[in-house]
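Each residue takes its place number in the sequence, starting with 1. Hydrogens, waters and symmetry mates play no part in the numbers below; they use all other heavy atoms, side chains included.
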Amino acid sequence: MVLPSMAASGTVPPGDRANVLYRQSDYAAALGILLPLPEKDGAHYFLIGQCYYSLGNARSASTYLEKAVASAPGNPRYHHWLGRAYGRRAESSSILTAPIWAVKARKSFEKVAQLDPNDIEAMSDLFEYYLEAPAFLGGGLDKAAALAERVRSLDAAEHQFHLARLAEKRKQFESAERHFREAGELAPLDVGRLIDLAQFLERRGRLLESDAVFNRAHEIAPEAPNLLFEQARTYVESGRNLETAGSLLKRYLNSRLAPDNPPRHEADRLLRRLPSGRY
């Protein structure tokens, strides 16, 4: 391997070193390399924005991601992450400014759909926006349904998930359950599909069934970080199995996390919601 010797001689570009740290979820260390750089390009701005986003600083994330987009307006990934940062700002802003950031998020996601119609992740973020946002902010179930149809030919399991979310939103719960289960059958080794089903059953008050689905997920991938986090979050939000939730969160925080896992600060926030002694 050439890389270790290059690292030893200090010839590995700072951006590459920072990217390795980012993938190891050491976001602060990556920023320590990137921020002092006297000259930054779009890739540097993008990685800085990703790091700030993962650290929960949506304001700084959006600032640097805007610079990344300005440097390469045709890059769909830059627009996608900027949309995510705007979405986080909308969630944490006042009632007066939240709509501004929400609309910016929608426009960013719609831009990605134009630039890369095959980007499933961006389509899913846009779908959730259409599903949850009111009409005056550009949301709507008709828009969500149309987008779900675009996903049909790209990812059959994701299409079923979208149909499930639409049916649940319309209070068509039997149809929603059928689609959640169909998504799992189409992707039997994807624990994310089992998590979706378990959380739906939890929302319907079918707690024993929900726990059974979580147990099935653990049989497939017992230490999957997202499974540990989402099961703990489900219990914390429903106010049950809090000792188990605390144990799951500790296991999560001791896991080797990647950028596509929920940030550690979100797990810490859930832990702080537990009664003293539950973890």
Side-chain angles (χ1 to χ4, degrees), residues 22-25 50 54 76-77 80-81 84 112 116-128 131 144 147-169 172-204 206-238 241 244-245 247-264 266-267 270:
Y22 170 75
R23 294 186 181 284
Q24 294 171 345
S25 72
Q50 287 180 300
S54 297
R77 289 190 70 215
H80 187 191
W81 276 83
R84 287 177 169 176
V112 182
D116 185 0
N118 297 323
D119 188 328
I120 292 291
E121 274 193 77
M123 294 266 242
S124 294
D125 285 341
L126 181 57
F127 173 84
E128 288 295 329
L131 195 70
L147 194 61
E149 283 306 301
R150 289 177 58 183
V151 172
R152 180 194 292 269
S153 62
L154 301 175
D155 187 324
E158 186 70 5
H159 174 62
Q160 290 297 320
F161 170 74
H162 286 179
L163 294 180
R165 294 280 289 125
L166 276 164
E168 186 179 8
K169 195 73 173 177
Q172 300 167 347
F173 300 118
E174 289 186 10
S175 177
E177 181 176 350
R178 184 171 68 253
H179 288 301
F180 276 123
R181 292 188 183 278
E182 179 65 19
E185 291 171 8
L186 288 168
L189 298 181
D190 184 349
V191 295
R193 300 304 171 192
L194 290 174
I195 292 169
D196 295 334
L197 175 60
Q199 291 177 330
F200 167 76
L201 293 170
E202 182 87 17
R203 291 192 293 273
R204 301 302 304 144
R206 295 159 60 180
L207 308 184
L208 292 178
E209 293 175 81
S210 175
D211 288 343
V213 175
F214 274 127
N215 289 338
R216 280 168 49 200
H218 281 284
E219 291 173 4
I220 296 173
E223 295 302 319
N226 280 13
L227 173 57
L228 301 175
F229 180 88
E230 291 297 339
Q231 186 176 6
R233 184 166 68 90
T234 300
Y235 289 157
V236 171
E237 291 181 350
S238 64
N241 293 347
T244 300
S247 175
L248 290 166
L249 288 169
K250 286 195 293 185
R251 286 165 61 189
Y252 179 78
L253 289 169
N254 288 326
S255 300
R256 179 174 293 181
L257 302 182
D260 58 351
N261 299 131
R264 293 181 185 275
E266 292 188 12
L270 287 174

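Counting all heavy atoms, side chain and backbone alike, Pro76 lies closest to Val112 at O-CG2, 3.5 Å. Between Leu166 and Ala148, the shortest heavy-atom distance links the atoms CD1-CB, 4.3 Å. Contact record, Ala198 with Ser210: O-OG, 2.8 Å, taken as the closest heavy-atom pair. Considering every non-hydrogen atom in both Arg264 and Leu253, the closest pair reads NH1-O, 2.5 Å. Residues Pro262 and Phe229 share a closest heavy-atom pair of CG-CD2, 3.5 Å. The heavy-atom pair separating Ala167 from Ser175 by the smallest distance is CB-OG, 3.8 Å.
With values rounded to the nearest 0.5 angstrom, Arg206 atom CZ is found 4.0 Å from Glu177 atom CD. Put simply, CZ on Arg23 and CD on Gln50 are 8.0 Å apart, with the number rounded to the nearest 0.5 Å. To the nearest 0.5 Å, atom OG1 of residue Thr244 and atom CG of residue Leu249 are 11.0 Å apart. Separating the CG atom in Leu126 from the NE2 atom in His80 is a distance of 9.5 Å, to the nearest 0.5 Å. Summarising the geometry, atom CZ belonging to Phe214 is positioned 4.0 Å from atom OG1 belonging to Thr234; distances are rounded to the nearest 0.5 Å. How far CZ of Arg77 is from CG of Asp116: 11.0 Å, rounded to the nearest 0.5 Å.
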Practice item. Test salt bridge (charged side-chain N to carboxylate O under 4.0 Å, His left out) on Glu202 and Arg233 and set out the steps. Key: CA-CA 11 Å; Glu202 182 87 17; Arg233 184 166 68 90; over 6 Å; no
**Request:** Go through Ile120 and Met123 one step at a time and tell me if the side-chain contact (heavy atoms from CB on, under 4.5 Å) criterion holds.
**Result:** CA-CA 5 Å; Ile120 292 291; Met123 294 266 242; 5.5 Å; no
Check the pair His218 / Leu228 against side-chain contact (heavy atoms from CB on, under 4.5 Å), numbers first and verdict last. CA-CA 9 Å; His218 281 284; Leu228 301 175; 4.0 Å; yes
| request: Applying side-chain contact (heavy atoms from CB on, under 4.5 Å), run through Arg84 and Glu121 and close with a yes or a no. | output: CA-CA 11 Å; Arg84 287 177 169 176; Glu121 274 193 77; 2.8 Å; yes
Could you walk me through whether Gln231 and Ile195 pass the side-chain contact (heavy atoms from CB on, under 4.5 Å) check? CA-CA 8 Å; Gln231 186 176 6; Ile195 292 169; over 6 Å; no
| message | Pair Arg203, Glu168 - check salt bridge (charged side-chain N to carboxylate O under 4.0 Å, His left out), show working. | response | CA-CA 10 Å; Arg203 291 192 293 273; Glu168 186 179 8; 2.7 Å; yes
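Between Tyr235 and Asp211, some side-chain heavy-atom pair lies under the 4.5 Å cut-off. Side-chain contact check for Tyr252 versus Asn261: some heavy-atom pair is nearer than 4.5 Å. The shortest side-chain heavy-atom distance between Gln199 and Glu237 does not fall under the 4.5 Å cut-off. Side-chain contact check for Leu163 versus His159: some heavy-atom pair is nearer than 4.5 Å.
Asp125 places no side-chain N or O within 3.5 Å of a backbone atom of Ala122 that could act as its donor or acceptor partner.
Between Phe127 and His162, the angle of the ring planes stays under 30°, which puts this pair in the parallel group of the 30/60° scheme. A tilted orientation is assigned to the rings of Phe200 and Phe173, their planes being inclined by 30° to 60°.
Salt-bridge check for Glu219 with Arg216: failed, with every basic side-chain N at 4.0 Å or more from each acidic carboxylate O.
In summary, of the residues considered (Gln160, Glu185, Glu158), a side-chain hydrogen bond (donor to acceptor under 3.5 Å, both in side chains) with Arg193 occurs for Glu158 alone.
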